[in-house]
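Presented below is the structure to which this report refers.
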Amino acid sequence: MFGLRTWILGVKSLLLHPMRSLLTVLGIFIGVASVIWLLAIGEGIGKKAKEQIEGLGADNIIVRSRKPPDEGAGGFSAPKLFGLTRAECDTIESTIETIGSVLRIRELPYKFSYAGNPDVKPIDGRLVGCTEGYAEVTRLEMSGVGRFLKDDIDVNVNVCVLAGELSAYLFPFEDPIGKQIYLPESQDYFRVIGVLKPKNATAAIGGSLDAQDFSRDVYIHIKTMEQRFGDTVIKRGSGSFSAQEFQLSQATLRVKDVRDVPRTANVIKATLFSKEGEPRQDISVIVPYELLEQAATTKFMFMVFMGLIAAISLLVGGIGIMNIMLATVTERTREIGIRRAIGAKRKDIIQQFLIETIALSVVGGATGILGGLLCPAAVDATRFVMEQFAPKILDSLPEIVRETDAVIVPLSIPLAFCISVMVGVIFGIYPAMRAAQMDPIEALRHE
Amino acid sequence: MADLAASIKELTKTYKLQSEEVRALRGVTFDVPQGDYVAIMGPSGSGKSTLLNLLGCLDRPTSGSFFLGEDDVAKMDDDGLSTIRATRIGFVFQSYNLIPQLTVEENIEVPLYYQGRLDPSARQRCRELASMVGLGERLGHRPTQLSGGQQQRVAIARSLVNDPYFILADEATGNLDSVTTDEILQLFERLNNEGRTIIMVTHEDEVSAHAKRVIRLRDGLIQTDIQNTDRVTNLKKEAMAKIQDPAKPQMERKV
């Protein structure tokens, strides 16, 4: 009995009031489309966050030095050593078995200029002391010009590798390889042996890791840095003077097996922190693996939240359907009476009205899915329009909003469809029951 | 029993209105043989509508029995009554009661549809019925595009589609002018001549004058149940039309 004819009949009845049916469908359309949209955007944001954290490497543990807050107001005091020391790093490397390799990094703020071109003003940048493995771990790529530092030949030699952007600034018209860059603050010269591809800055992750900009980096071997610059950094400005002493900015510890990451992180914390387990002010331990898990939880929460919003809009759509169907049932009381009088059973009446609500919700669901699939295109279009007409507003938005792409969750399409059918059934059943429960005699008398 | 279209025994119906009980029918007994043409008459409050609802299987009696063929309808549940209505009764209403969004053809098909018997041969029969009532050319029209008389003829075709035990006409001519009333009554007579049983409820003497038998109700009981000896038939009408003005015989009869 759920035959084609019943459906055709239902659609015919709906088409008697095209505007009313259209508006009802619109309610479901919005509900279903918003399910897909919200899930797609949620997925996109989650994916972006995951990519950022994965950029740090899930099998890595990052130990980073932090400058503790200045003690005492003003005046000069002897710099106090802070942060991770070489000795601590060596202890970790030699005592914890699960650690495969340790990458030591030291970053110093410096000004750079080109010795051969006095017109180039010194530019603020970062002098990074590192080892051969650095490029791989931080996913830096060579631009094809020259090579990266090598542990066996570049130690204690004044050679450096430039970030792509810095190279373009210092050597706009020349081949940088073999040229000398000049550090005016320490009066050092370094020969360029390689240039890296430009790399986007990484965003800050939670409160544990600052954003990093790689565009003005100069890479030298950490041993060279130790030799040339020592552990104390003195900054002289006009009328100011500061000194800080630290040995390592960061150590990236690669764990042999990803499954050992949480355990290893605990051992590292136990080694570095006091016996009471109180975190040290000058060191933070970042475990991307844990961040990934956190991000997954956050994403899940986010999706649930988004889903809830979508569910509310579907609920509203469903109530719209119910409202219309109740009105329709009242309006068609007489028709129900006629049908009952000439042989329709209660279940036939239920079926008839249920089919109408399902038809409404399925049409709404199907168009809603089409609308939902437009989400990535719509996000791109919005971004394009913003770029054209309101670039400042776009720039002021956080990166995750600016660069997130909507990713359609494949499951959301059948899900949305099922939901729309369910909405049709759930919100259609009551009006249909009411129609079926009518007394045929009363219904026939109804004007 | 086999030649009875319907058989009613001691049928009563009591409505409960808050504390008050209304005894609409107080024990009505009569048989309707096949091929009969019965007019049920009575003033308002006589139990006429109640009897109609019971005959139409739209309602169940408080007591008594109502045999439609072999089955006692009085004891059936809602679904059973629906099936009986779909298979054994042909309804014709005062206000036609066609389904507005359906065409003439589809309206005629509705009872068969609810029985799940809508096959190509059944549809062919529906078209034949439409031709029989003179609407063979208007199958695709909607009720709103038809006149009252045409709509009523569609309703009659619909009532015949399930080959019912009897046609139950409720003030079938009440909304029609006198010319159209005559047409519809002629159609009923023709159907009756073909062997159809017709029960019609009316309060108009002119209409009941066409029936073979007139049952008068009063206060929930049968007052009279008499064969109509002075029956108006198509033949008589034609004969009278030859000698008199067509409007006159009706006036004379009233006196």
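This one's a predicted model, so the numbers in the text were calculated from it and none came from an experiment. Just so we're on the same page: letters track the sequence lines, and every chain starts at 1.
Heavy atoms from other residues, nucleotides or ligands lying under 6.0 Å from CE of M433(A) number 12 at most. Heavy-atom neighbours of R142(B) CZ from other residues, nucleotides or ligands within 6.0 Å: above the threshold of 12. By the 6.0 Å contact criterion, CG on L17(B) is enclosed, its count of non-hydrogen atoms from other residues, nucleotides or ligands being greater than 12. In this structure, R434(A) places its CZ atom where only 12 or fewer heavy-atom neighbours from other residues, nucleotides or ligands lie under 6.0 Å away. Shown here is F300(A), whose CZ atom has no more than 12 heavy atoms of other residues, nucleotides or ligands within 6.0 Å. Taking a 6.0 Å sphere around CZ of R334(A), one finds it holds more than 12 heavy atoms contributed by other residues, nucleotides or ligands. Counting non-hydrogen atoms of other residues, nucleotides and ligands closer than 6.0 Å to CD of E194(B) gives a total above 12. Summarising the local packing, NZ of K299(A) is surrounded by more than 12 heavy atoms from other residues, nucleotides or ligands at distances under 6.0 Å.
For R340(A), the parts lying under 4.5 angstrom from a heavy atom of chain B are both the backbone and the side chain. Heavy-atom distances place the side chain of L9(A), and not its backbone, under 4.5 Å from chain B. Both the backbone and the side chain of R339(A) come within less than 4.5 Å of a heavy atom in chain B. Neither the backbone nor the side chain of E442(A) comes within contact range of chain B, judged by heavy atoms closer than 4.5 Å. With a 4.5 Å cut-off on non-hydrogen atoms, L98(B) touches chain A through its backbone but not through its side chain. Using a 4.5 Å cut-off between heavy atoms, I342(A) touches chain B through backbone and side chain atoms alike. Contacts between L81(B) and chain A at a heavy-atom distance below 4.5 Å are absent for every atom of the residue.
With respect to the salt-bridge test (charged N to carboxylate O, under 4.0 angstrom), the residues R346(A) and D77(B) do not qualify.
Heavy-atom pairs under 4.5 Å with chain A peak, among N53(B), D78(B), I99(B), D79(B), at D78(B). Your options are C57(B), S159(B), G56(B), S82(B), and the one with the most heavy-atom pairs under 4.5 Å with chain A is S82(B).
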Derivation of the side-chain contact (heavy atoms from CB on, under 4.5 Å) call for K345(A) and R85(B): CA-CA 10 Å; K345(A) 295 192 176 73; R85(B) 290 197 294 268; over 6 Å; no

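Interatomic distance, I441(A) CD1 to D59(B) CG, rounded to the nearest 0.5 Å: 4.0 Å. From Q101(B), atom CD reaches atom CD of E335(A) across 4.0 Å, with rounding to the nearest 0.5 Å.
Contact annotation: the side chain of I338(A) never approaches that of F91(B) to less than 4.5 Å [non-hydrogen atoms, C-beta and beyond].
Closest approach of A341(A) and F93(B) over heavy atoms only: CB-CZ, 3.8 Å.
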